[in-house]
Engineer: 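This structure is in structure tokens; I'll ask about it shortly.
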Amino acid sequence: MKLYNTLSRKVEEFKPINTERVKIYTCGPTVYSFAHIGNFTSYIYWDLLVRALQQNGMKVDRVLNITDVGHLASDADEGEDKMEKGAKREGKTVWEIAEMYMGDYLENYRELNLVEPTSICRATDFIKEDIALVDALEEKGYLYDTTDGLYFDTSKFASYADFARLDLDHLKAGARVDFNSEKKNVSDFAVWKWIRDGEDHAMQWEYRGRMGYPGWHLECATIIHEKLGEPIDIHCGGVDHIPVHHTNEIAEIEAAYGHKMANYWLHNNFITIEGEKISKSLGNVYDFKDLAERGYSHMDYKMWVLQGHFQSERNFAFNDLKAAQQRLLNYRNFAALRWQKDTTDLSGAKTAIMEQLNNNLNSAGAFAELDKILHENVPDEDFVEFLDSIFGLKIAETTPDISDALKRKIAERIEAKNAKDYAKADTLRNEILDEGIVLLDSADGTIWQYAK
Ligand code: AMP
Ligand code: ZN
């Protein structure tokens, strides 16, 4: 299987450390508000990755984190903690906010039929372990104290700029004047934040006799170290994570423990909506409830996402979502043929589809292979299950065989048509349509399909 590795900026052959336990980590959501559909593209693409690895016979051990503390409004360790902000906005405690939005996130995760990670870890459950990592960094001399918190001195970590190909001189020149004046280098980041006098921050823990909380990047480094052990095989996240979050995760782990963090890094690109950035002011922050109101399901959206490539910037438009919904319906109707006609041997198509997925998760290519066989063939149960196991679009599950009563009615309508009783045939056809089933007549007989 070939994957584009951000580390080398190349498509490489994927070589897992151990095929019986392919270790994957995905940066999860910050649970301070409802997630929008853009946030979920990442989880949909990484689900495809997990399913493809499994189809290739590998066992996956995947950890997903839930950020419920320490993620500040700006990636530069400035601004309010997103969780605190959410709590104030809604007059609730941070813990209540975390529960509520984590619940919502997981509900959507399940509705999208994404493979459950082996573990889902909340940042606040790893504070003791975070502190052990801070101590390890301190011991090795990477940290310095400021009024604001303990900072990582990036000038001491020689390979700091490598992962994101950062131009640190350029960064310095472009730095904002009001950046923390106690910082030694523009790229230095907070590993641990101190609660300052008068600061209102509900989540806080004692460390070195003072109250504070972890910096954002710490949780991912800690959870990887505790739950998987570095190096892991694949670390996934959004492209926005490359220059700051992932760069800092790498610095923390590699400086503290001297091990490489991950062998492969996969990053998904962003979506725009009708050509615009997703933003509150444009009123295009759609979530799944908004899609449902317009008649689209989680699976329709997933179909739309999977039609594209994880590395491509994509533009979401409702017209295209409609086309994706229709495409998914075509696949369901293809699957429904297995109850109506003699099945065809599709092992060649299976191989062709897997070749596409093994080529850097080319799902668009995989669907193109499926489209090639759609009209002349009839899948068997095994092929439909194969489609569901790689795409997770619930094709088998959403194509229930129709009732015997409906089948009798279809037979009756065929009889009426053959007897040239067109009035009766039309009445029956309309009654059948009222039950959501369309009849298609052709030279070799009549088949039924789902109308929607
Ligand atoms: P946010 O809550 O805005 O920080 O978003 C959380 C994560 O969702 C980001 O780090 C991105 O990786 C991802 N994300 C946000 N907006 C988009 C988008 N328009 N398309 C794809 N991913 C996005
Ligand atoms: Zn992370």
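Atoms within each ligand, like the ligands themselves, are counted from 1 in listed order.
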Engineer: Has ligand 1 got any nitrogen or oxygen that is less than 3.5 angstrom from a nitrogen or oxygen of Ile278?
Structural biologist: no
Engineer: Heavy atom under 4.0 Å from ligand 1: found in Phe40's side chain, backbone, both, or neither?
Structural biologist: neither
Engineer: Going by distance only, is there an N or O of Ile271 that falls short of 3.5 Å from an N or O of ligand 1?
Structural biologist: yes
Engineer: Would you kindly say whether Asp145 and Trp194 are connected by a side-chain donor-acceptor distance under 3.5 Å?
Structural biologist: yes
Engineer: What I want to know is whether His241 and ligand 1 share at least one N or O pair that is separated by under 3.5 angstrom.
Structural biologist: yes
Engineer: Look at Cys27 and state whether any of its N, O or S atoms is less than 2.8 Å from the Zn ion (ligand 2).
Structural biologist: yes
Engineer: Check all N, O or S atoms of Glu249 and name the one closest to the Zn ion (ligand 2).
Structural biologist: OE2
Engineer: Give me the residue, atom name and distance of the protein heavy atom closest to atom 18 (C) of ligand 1.
Structural biologist: Phe270 CD2, 3.4 Å
Engineer: Going by an N to O cut-off under 4.0 Å, is there a salt bridge joining Asp47 and Arg51?
Structural biologist: yes
Engineer: Tell me whether the count of non-hydrogen atoms from other residues, nucleotides or ligands lying under 6.0 Å of NZ in Lys322 goes above 12.
Structural biologist: no
Engineer: Between Asn268 and ligand 1, is there a nitrogen or oxygen pair with a distance under 3.5 Å?
Structural biologist: no
Engineer: Can you name the closest pair of heavy atoms from Glu252 and Phe189 and give their distance?
Structural biologist: OE2-CE1, 3.4 Å
Engineer: Among side-chain atoms of Tyr213 and Asp81, is any donor-acceptor pair under 3.5 angstrom?
Structural biologist: no
Engineer: Whether Arg21 and Asp61 form a salt bridge (side-chain N of Lys/Arg under 4.0 Å from carboxylate O of Asp/Glu) is what I want to check.
Structural biologist: yes
Engineer: Confirm or rule out an N/O/S atom of Cys220, from backbone or side chain, lying less than 2.8 Å from the Zn ion (ligand 2).
Structural biologist: yes
Engineer: Identify, for atom 4 (O) of ligand 1, the protein heavy atom at the shortest distance, and state residue, atom and that distance.
Structural biologist: Lys82 NZ, 3.2 Å
Engineer: Say whether Lys277 and ligand 1 are in contact under the criterion: heavy-atom distance to a ligand atom below 4.0 Å.
Structural biologist: no
Engineer: Please list, in number order, the atoms of ligand 1 under 4.0 Å from a heavy atom of Tyr32.
Structural biologist: 2 (O)
Engineer: Does a side-chain N-to-carboxylate-O contact under 4.0 Å join Arg208 and Glu138?
Structural biologist: yes
Engineer: Heavy atom under 4.0 Å from ligand 1: found in Glu313's side chain, backbone, both, or neither?
Structural biologist: neither
Engineer: Between Arg110 and Glu116, is there a salt bridge with N-O shorter than 4.0 Å?
Structural biologist: yes
Engineer: Answer yes if the ring centres of Phe310 and Tyr4 are under 6.0 angstrom apart, and no otherwise.
Structural biologist: no
Engineer: Among protein heavy atoms, which lies nearest atom 9 (C) of ligand 1, and at what distance?
Structural biologist: Asp240 OD2, 3.2 Å
Engineer: Applying a strict 4.0 Å limit to heavy atoms, is Thr30 in contact with ligand 1?
Structural biologist: no
Engineer: With the threshold set at under 4.0 angstrom, would you say His245 reaches ligand 1 through any of its heavy atoms?
Structural biologist: no
Engineer: Which residue and atom name correspond to the protein heavy atom nearest atom 22 (N) of ligand 1, and how close is it?
Structural biologist: Gly38 O, 3.2 Å
Engineer: Do the two ring centres, one from Phe318 and one from Tyr286, sit under 6.0 Å apart?
Structural biologist: yes
Engineer: At what distance is the nearest protein heavy atom to atom 5 (O) of ligand 1, and which residue and atom is it?
Structural biologist: Asn39 ND2, 3.2 Å
Engineer: Parallel, tilted or perpendicular for Tyr105 and Phe40, by the 30°/60° rule?
Structural biologist: parallel
Engineer: Any atoms of ligand 1 less than 4.0 Å from a non-hydrogen atom of Thr41? List them with their elements.
Structural biologist: 21 (C), 22 (N)
Engineer: So, 2.8 Å as the limit: is an N/O/S atom of His245 located closer than that to the Zn ion (ligand 2)?
Structural biologist: yes
Engineer: Is Arg327 salt-bridged to Asp371, cutoff N-O under 4.0 Å?
Structural biologist: yes
